[in-house]
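Because the structure is predicted, anything quoted here is derived from the model rather than measured. Below, chains carry the letters A, B, ... as their sequence lines are ordered, and counting in each starts from 1.
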Protein chains: 2
Amino acid sequence: METGLLYDSLNSIHPIDGNAWSDFQALLLPIELAKNEYLIRNGERTQFAYMLLEGVVRVFYNKEGAEYNKTFFMPGTFPTALTALLSNEPSHLNFQALLPSKLIKFSYPAFRNLFKKHRCLESLLLAILEREWINKERHDIHMVINDGETNYLIFREEYPQLENLIPQYHIASYLGITPIQLSRIRAQLAKKA
Amino acid sequence: METGLLYDSLNSIHPIDGNAWSDFQALLLPIELAKNEYLIRNGERTQFAYMLLEGVVRVFYNKEGAEYNKTFFMPGTFPTALTALLSNEPSHLNFQALLPSKLIKFSYPAFRNLFKKHRCLESLLLAILEREWINKERHDIHMVINDGETNYLIFREEYPQLENLIPQYHIASYLGITPIQLSRIRAQLAKKA
DNA sequence: CCTATGCATTAACATAAGTTAAGGAATCTC
DNA sequence: GAGATTCCTTAACTTATGTTAATGCATAGG
């Protein structure tokens, strides 16, 4: 199993000492998802955290049949239902692979059990939450302040290449607009250029 | 200084042992804000975390003169520029008292210095971030899924009494609509009832 | 190779929400 | 207590975006 990417990602967020890493590594399990397969559906509980190695995962909420995309996860990131994990409640969100994907998973309760022995892992979790908080706040500010066109341009910077890998209606949903409106925006941008 | 409310709030999030609390208590400073006075303006750095004892504080972003309200803080909560504190960068957000307010403040770096001695304080910060994350996610889901009318009703549940204490244009901005549109929604609701 | 399916685009139309502007109630100030 | 200020409401109008529907590629399956 390819754990080097995971180690590098985590260690760069907060240093992990050797013993902590070997205890943690014992928890890791590889999994694969086919295109359109789900990691978690809303209403399900989960005990697992994930890291994406290959592919793309989307997160969306679901209300009366309508889907609202919230985030896309790219390789090297953590498509994990944090709220469901932390609260131990059923997830309100769905996590779905949009392409054939490879991931590493590990049990979150087992991870927390290591905190007593390895304080650096608790500090690591704190550092991850801090980083996620900062990213989310920056993202939210963009989405509120800007119009659809600007957010589309930001999307293309945030997720390079992604627009060529997934249908545009997923992007439109992420931007909070209809695919028709996205099409109009793209037409306008093409005219400008 | 009235530190009981702060102790109870924090201790209920994560238990704080007696020594940790007395070391922490030594950091606390009381402050007062007049109506419309700022706690932090965008572009400023800050070292301080706050707890609100009395009054109301709003958080908003500012773009080309337009203001976008993001949150309101009520007594017992923490009107703190978390992102600016954690990242040590200038704040993108403004924190402003909407009523005469009383707060407790403490230095965040000094608080972090206590982590070595009192691990329970680090666990407390982790627990606070977890809770904030969960609240924010729930809030975001509401705002994306619902229309203006539903969000206005949710606002009234989330912040009981607040709509009588502050101008309606602040509420409209929070809901992402114009004051005129909020007025139309209120007129419709009155007609239904 | 032909057909069916999924997806993006475009046009025509409908609708919800923004803009501008005016009036009036409530509150503050001198 | 008179005048000024603030702010909420309402109306008339404009605009942006959603809706419905038709067209045309491209790709996959038989």
- Query: A:Gln96 side chain to A:Asn36 main-chain N or O, any donor-acceptor pair under 3.5 Å?
  - Reply: yes

- For A:Asn151 and A:Leu175, indicate whether the former's side chain and the latter's backbone hold a donor-acceptor pair under 3.5 Å. no

For this session: Establish, yes or no, whether a centroid distance under 6.0 Å links the rings of B:Phe78 and B:Phe73.
Result: no

Return the value, rounded to whole Å, for the distance between atom [atom1] of [X] and atom [atom2] of [N].
X: A:Gln188; N: D:dA16; atom1: CD; atom2: P; value: 9 Å
X: A:Leu182; N: D:dG18; atom1: CG; atom2: P; value: 11 Å
X: B:Lys191; N: D:dT10; atom1: NZ; atom2: C1'; value: 12 Å
X: A:Asn151; N: D:dT17; atom1: CG; atom2: C1'; value: 15 Å
X: A:Asp147; N: D:dT15; atom1: CG; atom2: P; value: 17 Å
X: B:His170; N: D:dC7; atom1: NE2; atom2: P; value: 8 Å
X: B:Leu175; N: D:dC8; atom1: CG; atom2: P; value: 13 Å

query: Does the side chain of A:Thr178 get closer than 4.0 angstrom to OP1 or OP2 of D:dG18 through an N or O atom?
result: yes

OP1, OP2 of D:dC8 versus side-chain N and O of B:Arg186: anything below 4.0 Å? no

Going by the angle between their ring planes, with limits at 30° and 60°, are B:His139 and B:Tyr174 parallel, tilted or perpendicular?
tilted

Practice task
Anything under 30° is parallel, anything over 60° is perpendicular, the rest tilted; go ahead and classify A:Phe111 against A:Phe115.
Solution key: perpendicular

DNA chain D nearest-nucleotide lookup for A:Ile180 and B:Gln168: closer to the 5′ end is B:Gln168

5'-most contact on DNA chain D (nearest-nucleotide basis), B:Tyr169 vs A:Gly148, goes to B:Tyr169

* Asked: So, are A:Lys136 and B:Glu132 salt-bridged, with charged N and O less than 4.0 Å apart?
  -> no

Can B:Arg138 and A:Glu89 be counted as an ion pair, charged N to O under 4.0 angstrom? no

Under a 4.0 Å heavy-atom criterion, DNA chain C is touched by chain B from C:dA17 to C:dT20

